[in-house]
Protein chains: 2
Amino acid sequence: MEKENSYRIGELVRMFGITSRTVRFYEELGLIESMDRDGSEHRRYSERNVIRIKRIQQLKDYGLTLSEISALFEMARADRTGATVREGLAVKYRQKLDEALKRRAQLDAYIEDLSWHVEQVERANDFFECPGASCATCRWAERCDVRLLVKRPAS
Amino acid sequence: MEKENSYRIGELVRMFGITSRTVRFYEELGLIESMDRDGSEHRRYSERNVIRIKRIQQLKDYGLTLSEISALFEMARADRTGATVREGLAVKYRQKLDEALKRRAQLDAYIEDLSWHVEQVERANDFFECPGASCATCRWAERCDVRLLVKRPAS
DNA sequence: CGCTAGCGTACCCTTTACGTCAACTTGGGA
DNA sequence: TCCCAAGTTGACGTAAAGGGTACGCTAGCG
């Protein structure tokens, strides 16, 4: 069996476009552990570690936090068949998907609202400054420095 | 001219469903200032302050950060005609709208991707654990504890 | 006068995913 | 052998928008 080749931290940095701080941070969290540094002071990483970092990045891309990822890894250590972990992952994915759908609904409403307001402010229907003493909206005789947005009528 | 009526901080709390800590925090940031406390130790707020808080909440709802709001207020202090501020506001709104549109595009892609993955993981096509020695994806003879997600094929 | 809810200041804490020193130590090429 | 880029530990900082607590003072009503 040939010697497993190993990477130095800087190589990971270049591979993934992350910083060495990140790698060490992941180690702190127990997400990865470097190979035995036997004697050397410098960390060495196996192919396995590389894959693990890729995995972390993928899960991160799908919206899992590092602590969720950590929990999954923890699970994996106890459950070598993978069934429980897969179940947990499915749950997480569904959960993130639900959240995303909810976010999208909110975002749509927000976009609609905001585009209406953009139009208003460009037509000067929405004042930031009270226009002066005769301002009908304000309840003060003198100038005021805030004025409410025109409320978007329910369509 | 009748005496301007004033509110105590607790009243604002009840009005807006915010905490007194928040009100004082806004004061710290210079977003609002209470009326002159002349003599009293307790803050008093005018109608003006009330409107201002409403204004802050509206701008916050449209995605402006407190520091952006602060910058606008700062502008308003210098520019009493309102033209510059309105311009600034329009720019901010457009900017937030653009960001929102971009976020929505990303979110849509994310949702599509993730729903595909949900399906995969439920069909057990996406392993968290390597299934064992015969695993075709892994490059090691022994078990490994991470395996890459199946990559979603470009449709 | 006395009570107590309300208000005051001042300080640290939260979350997430690292960034940024500082001050050394080490590894590997010339 | 020498040198310097690369690596090390450890501590502290950052953003955002307040939350939480401690502990003391006050306003205003009966």
Side-chain angles (χ1 to χ4, degrees), chain A residues 5-46 49 52-73 92 95-96 99 103, chain B residues 3 5-46 49 52-73 92 96 99 103:
Chain A
N5 63 338
S6 66
Y7 303 94
R8 306 179 59 188
I9 201 164
E11 297 180 90
L12 301 188
V13 165
R14 282 184 291 278
M15 265 182 216
F16 295 108
I18 55 183
T19 69
S20 59
R21 178 68 182 86
T22 300
V23 177
R24 284 192 287 264
F25 180 63
Y26 287 171
E27 184 182 323
E28 260 178 65
L29 296 185
L31 287 174
I32 53 178
E33 73 274 355
S34 52
M35 301 171 69
D36 226 4
R37 289 193 246 179
D38 45 21
S40 169
E41 287 298 310
H42 291 192
R43 290 170 176 79
R44 286 291 180 164
Y45 300 89
S46 63
N49 294 132
R52 205 163 235 261
I53 291 174
K54 268 190 199 152
R55 183 55 159 160
I56 292 169
Q57 299 210 313
Q58 287 182 315
L59 293 172
K60 239 162 61 77
D61 281 349
Y62 285 98
L64 279 75
T65 67
L66 293 182
S67 84
E68 286 170 332
I69 294 172
S70 175
L72 282 171
F73 284 175
K92 274 295 170 204
Q95 185 182 315
K96 296 294 170 186
E99 287 168 13
R103 272 208 305 284
Chain B
K3 187 93 169 70
N5 63 337
S6 67
Y7 303 94
R8 303 178 63 185
I9 202 166
E11 298 180 90
L12 301 187
V13 166
R14 284 185 290 278
M15 267 183 213
F16 295 108
I18 56 183
T19 68
S20 60
R21 179 71 183 81
T22 300
V23 177
R24 285 192 285 260
F25 179 61
Y26 287 171
E27 185 181 323
E28 257 178 68
L29 296 185
L31 287 174
I32 52 178
E33 72 275 353
S34 53
M35 299 170 70
D36 227 4
R37 289 194 248 179
D38 46 20
S40 170
E41 288 298 311
H42 291 188
R43 289 170 177 80
R44 287 291 181 164
Y45 299 91
S46 63
N49 294 131
R52 204 163 234 261
I53 291 174
K54 269 190 198 151
R55 183 57 159 158
I56 292 169
Q57 299 209 313
Q58 286 181 317
L59 292 172
K60 240 162 60 77
D61 282 349
Y62 286 98
L64 279 75
T65 67
L66 292 183
S67 84
E68 286 170 331
I69 293 171
S70 175
L72 281 172
F73 285 174
K92 273 298 168 199
K96 295 295 169 182
E99 287 168 14
R103 271 208 308 284

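Here the structure is a predicted model, which means the values were calculated and not measured. Below, chain A is the first sequence line, B the second, and so on; all start at residue 1.
- Not one side-chain nitrogen or oxygen of B/R43 sits closer than 4.0 Å to the OP1 or OP2 atom of C/dC7.
- Separating the CZ atom of A/R8 from the C1' atom of C/dG27 is a distance of 6 Å, rounded to the nearest angstrom.
- Residue B/T22 has no polar side-chain atom (N or O) positioned under 4.0 Å from OP1 or OP2 of D/dA17.
- Taking the ring axis of B/F73 as reference, the NZ or CZ atom of B/R52 stays within 45° of it and closer than 6.0 Å to the ring centre.
- Using a 4.5 Å heavy-atom threshold, the side chains of A/Y26 and A/L66 count as touching.
- In this structure, B/Y26 does not reach the D/dA17 phosphate: none of its side-chain N or O atoms is under 4.0 Å from OP1 or OP2.
- Heavy atoms of A/R24 sit under 4.0 angstrom from at least one base atom.
- Atom CG of residue A/L59 and atom CD of residue A/E68 lie 10.0 Å apart, to the nearest 0.5 angstrom.
- In this structure, B/I69 places its CD1 atom 12 Å from C1' of D/dA16, rounding to the nearest Å.
- Side-chain atoms of A/T22 and A/T19 include a donor-acceptor pair closer than 3.5 Å.
- Between B/S67 and B/R44, the one whose closest nucleotide on DNA chain D sits nearer the 5' end is B/S67.
- In this structure, B/D61 atom CG and D/dA17 atom P are separated by 12 Å, rounded to whole Å.
- Nucleotide D/dG13 holds its C1' atom 11 Å from the CZ atom of A/R21, rounded to whole Å.
- Atoms CG (B/L31) and P (D/dA17) sit 10 Å apart, rounded to a whole Å.
- The distance between atom OH of B/Y45 and atom P of C/dC7, rounded to the nearest whole Å, is 9 Å.
- Interatomic distance, CG of A/N49 versus CZ of A/R43, reported as 11.5 Å (0.5 Å rounding).
- Rounded to an integer number of Å, the gap from CD1 of B/I53 to C1' of D/dA17 is 15 Å.
- Separating the CG atom of A/L29 from the C1' atom of C/dA17 is a distance of 9 Å, rounded to the nearest angstrom.
- Distances shorter than 4.0 Å separate none of the side-chain N or O atoms of A/S20 from OP1 or OP2 on D/dA6.
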